[in-house]
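Each remark here refers to the structure printed beneath this line.
Reckoned from all heavy atoms, side chains included, excluding hydrogens, waters and symmetry mates.
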Amino acid sequence: MSPTSSSRRELLRYKPFDRMLHWLVAVGFILAGLSGLAFFHPSFFFLTNLFGGGGWTRILHPFVGVVMFAFFLVLVLRFLRDNLPAAADAQWFSQLGAIVGNRERPSADVGKYNGGQKLVFWVMVLSLLALVVTGVVLWRPYFAPQFTVDILRLAVVVHAVSAFVALLAAVVHVYAAIWVKGTVRAMTRGTVSHKWAAHHHPAWYRKVTGSRT
Amino acid sequence: MATLQSLDVVERSATTVPTPQARDGVPKLAKLIDVAKCIGCKACQVACSQWNDLSEEVGQNVGVYDNPADLSANTWTLMRFAEQQRADGGLEWLIRKDGCMHCEDPGCLKACPAPGAIVKYANGIVDFISENCIGCGYCIKGCPFDVPRLSERDNKAYKCSLCSDRVAVGLEPACVKTCPTSAIKFGTKDDMLEYGEKRVTQLKERGFQNAGVYDPQGVGGTHVMYVLQHADKPENYVGLPAEPQIASMVGFWKGLSKPWAAALLGLSVLGAFLHYVTHGPNEVDEDHKNGEEV
Ligand code: HEM
Ligand code: SF4
């Protein structure tokens, strides 16, 4: 075990650097999401009050988005390997009904991430890529004037749809962390319990503890 | 403006409740630009900048009569010159006064995310209320005529207001007032259509078989109309679209999908909460020890 593990009874899941990255992305995502939603529909326009009015919200949103994306890229590179598809994923998805119904009989040999977590990961990768590309295209006054109006029209639709997908994925991600007890601390303090790991991520558990293969 | 005429505002950007509806029977107004009568003197351009206190930077001659070369935050109307070859080999000038068409169904207003930054008055004028503008450029995406321009100085969008301030006190727009050939007329939309038809008849008598009034129905008609010598080929008038419509992309983006998407986002949070209170948290129970599973 790594020496940063806070106690022998707990397993280190995220190093301080990864935790910091994750929360930088999270804060950036929330700020980008709230400021973006303000333009999405009139019912959300009141959110501009959080950012100093409509003008400031419009100015800040792309900067926040790009900074968030830079951190996200590093995070993706660090988490990529554990999110590659594996045999256990299909098995995990076949049990989805039982898992969501909280009647889980764990049998999928889940590694560091289960199928659902990997899905959220890849949905986030694709939608944030789409968001950063279309977002830069739409960025006034700097980049938008270089594009034809048809490209801008397409870009704003793709941006809005990707933002919707990313926000839904974020709701799933946040709820899953709250719902599965013992998970949030993995990102706040870095550690999880043996029981948590053995139950939810048996293959990962065996790997980090070196217990029976 | 916004407060003076608030009873006359019939549509307001990014607003989902009805605007004041008490007043009835406000006549629809329109400007009619008779391209066949225009001599391209640009007096209207000058009158527009004078009345609205706009001055364009002195630019370069780009080899055509168009000057300045394009609409801008400081140029709300612009004469565009097209030299066309007639069937008989002769040449003709088609000179179009470009600027906001004041659509009955304005794409700019539909696209705008800032409440009250774009309004439509009962008389049909579409006006930008610049103090509410946030500079996102969505109106540019919404407009089928490529009219609004974002200012580099203040990041706000500008376009022809049809001199809403003059019209509000019973005056005609500055360009109408100044036109030396009376090529620009202003009045109720009905009167303008009637006058336009008369001009079309005259033009047909003079051999312009395809003369017609340009009042495109794809945007619900416009409050700035043209009399064209060749109404069958509006594109010949420097890019006047034959069948302008709010782009389908914009229709989809600003249509039904938005309220549904907004509702779904809210429902997903509610759904998650309800899942928690009905199914309870997913806790590892005490029986699981060191990975010895059932
Ligand atoms: C990654 C870099 C990003 C850039 C450069 C960017 C840029 C933009 C720009 C330029 C706009 C147009 C409004 C404005 O001028 O402010 C916009 C709108 C928007 N953005 Fe972003 N954005 C980014 C990321 C995000 C993220 C991460 C989200 C959501 C999680 C998001 C959600 C939205 C939404 C919902 C809109 C409104 C779209 C609409 O009006 O339909 N953006 N963005
Ligand atoms: S021409 Fe363009 S700017 Fe003018 S009302 Fe129509 S959509 Fe709006």
Over 12 foreign heavy atoms within 6.0 Å of [atom1], [X]:
X	atom1	answer
Phe273(B)	CZ	no
Lys118(A)	NZ	yes
Gln60(B)	CD	no

Heavy atoms only: give me the nearest [X]-[Y] pair and the separation to one decimal.
X	Y	value
Pro281(B)	Asn102(A)	O-ND2, 3.0 Å
Ile134(B)	Gly55(A)	CG2-N, 3.7 Å
Met249(B)	Arg153(A)	CB-CB, 4.0 Å

Which one of [options] has the most heavy-atom pairs closer than 4.5 Å to chain A?
options	answer
Gly142(B), Ala14(B), Ser257(B)	Ala14(B)
Gly271(B), Ala111(B), Ala114(B)	Ala114(B)
Ser13(B), Ala117(B), Gly280(B), Ala247(B)	Gly280(B)

Which bit of [X] comes within less than 4.5 Å of chain B, counting heavy atoms only: side chain, backbone, both or neither?
X	result
Val171(A)	side chain
Phe40(A)	both
Ala160(A)	side chain
Val100(A)	both
Leu37(A)	side chain
Phe164(A)	both
Val149(A)	side chain

Measure [X] against the heavy atoms of chain A and call it side chain, backbone, both or neither at under 4.5 Å.
X	value
Leu150(B)	side chain
Cys143(B)	backbone
Val250(B)	side chain
Lys254(B)	side chain
Thr16(B)	side chain

For chain B, find which of [options] contributes the most heavy-atom pairs closer than 4.5 angstrom.
options	result
Thr57(A), Val156(A), Val161(A)	Val156(A)
Phe45(A), Phe39(A), Phe44(A)	Phe45(A)
Leu154(A), Thr183(A), Val172(A)	Leu154(A)

Exercise. Do Arg140(A) and Ile140(B) have side chains that get closer than 4.5 Å, going by heavy atoms?
Worked result: yes

Exercise. Can you tell me how far NE2 of His199(A) sits from CD of Glu283(B), rounded to the nearest 0.5 angstrom?
Worked result: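 The CD atom of Glu283(B) sits 10.5 Å away from the NE2 atom of His199(A).
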
Exercise. Are His200(A) and Val284(B) close enough, and set up right, to give a side-chain contact (heavy atoms from CB on, under 4.5 Å), and what steps lead you there?
Worked result: CA-CA 8 Å; His200(A) 296 296; Val284(B) 185; 3.6 Å; yes

